[in-house]
Amino acid sequence: MAFSPEQIHKLASLAKLRVEEEAVEVISSQIDNIMQLIDQMEQADTSGITPLSHPQDPVLRLREDVPTQTDMRDEFMVLNEHSEAGLFMVPKVID
């Protein structure tokens, strides 16, 4: 499937690329080669092959879920003048 110069210019404008006239033939043949490769890949028999979510199947190393800091909420609430029921009170910013 060969791409016409008009199609190359349309693709270039959609991709916001500037294409010189002398490069249109080269780009057309390169796109044609890519399309042939895609057709060849589509013909490969993949029956019996389970799809992968990731080609390397990474194993994540998880850290222990333990607290690293102590709860200092009460100490911080004492420092604030405007607190109520364990919450910081702030001025209204939305009408």
Side-chain angles (χ1 to χ4, degrees):
M1 172 173 118
F3 278 75
S4 68
E6 293 81 23
Q7 290 173 315
I8 299 296
H9 287 294
K10 182 175 180 180
L11 284 173
S13 70
L14 289 173
K16 304 289 186 208
L17 298 173
R18 187 177 340 158
V19 176
E20 303 296 330
E21 281 302 321
E22 43 288 342
V24 171
E25 277 301 315
V26 175
I27 293 171
S28 178
S29 69
Q30 290 175 343
I31 291 176
D32 189 43
N33 290 340
I34 292 170
M35 297 305 289
Q36 288 176 5
L37 178 62
I38 291 172
D39 289 339
Q40 184 181 0
M41 289 170 52
E42 285 179 342
Q43 293 173 4
D45 182 23
T46 58
S47 60
I49 298 175
T50 57
L52 296 173
S53 61
H54 192 280
Q56 297 173 345
D57 199 20
V59 177
L60 298 177
R61 294 177 291 156
L62 301 176
R63 63 175 172 79
E64 291 290 321
D65 190 16
V66 294
T68 56
Q69 295 180 351
T70 58
D71 181 16
M72 299 179 61
R73 178 178 171 219
D74 295 331
E75 290 88 352
F76 290 136
M77 295 310 269
V78 172
L79 298 174
N80 186 13
E81 298 174 5
H82 307 287
S83 61
E84 183 179 309
L87 303 172
F88 291 110
M89 304 305 289
V90 296
K92 185 176 180 180
V93 293
I94 300 176
D95 289 327

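Along the sequence shown, residues carry numbers from 1.
Within 6.0 Å of CD in Q7 there are more than 12 heavy atoms belonging to other residues, nucleotides or ligands. Applying the 6.0 Å contact sphere to CD of E75 captures more than 12 heavy atoms from other residues, nucleotides or ligands.
At least one donor-acceptor pair under 3.5 Å links the side chain of R73 to the backbone N or O of G86. Judged purely by atom type and a 3.5 angstrom limit, Q43 has no side-chain atom pairing as donor or acceptor with the backbone of Q40.
Placement of L17 and I27 in two distinct hydrophobic clusters is found when ILVMFWY residues are connected by side-chain heavy-atom separations under 4.5 Å, directly or transitively. Hydrophobic clustering keeps M41 apart from I34 (ILVMFWY residues linked when any side-chain heavy atoms are closer than 4.5 Å, directly or through intermediates).
For the atom pair S13 OG and R18 CZ, the distance stands at 13.5 Å (nearest 0.5 Å). How far CD of E42 is from CG of L37: 10.0 Å, rounded to the nearest 0.5 Å.
Scanning all heavy atoms of the two residues, the minimum distance from M77 to S83 falls at CE-CB, 3.6 Å. Closest heavy-atom contact between F76 and F88: O-CE2, 4.1 Å. Shown here for V19 and H9, the closest heavy-atom pair between the two residues is O-CE1, 4.2 Å.
Within the 4.5 Å cutoff, side-chain heavy atoms of F3 are placed close to those of L11.
Grouping Ile, Leu, Val, Met, Phe, Trp and Tyr residues whose side-chain heavy atoms lie under 4.5 Å apart, directly or via other members, leaves I49 alone, with no other cluster members.
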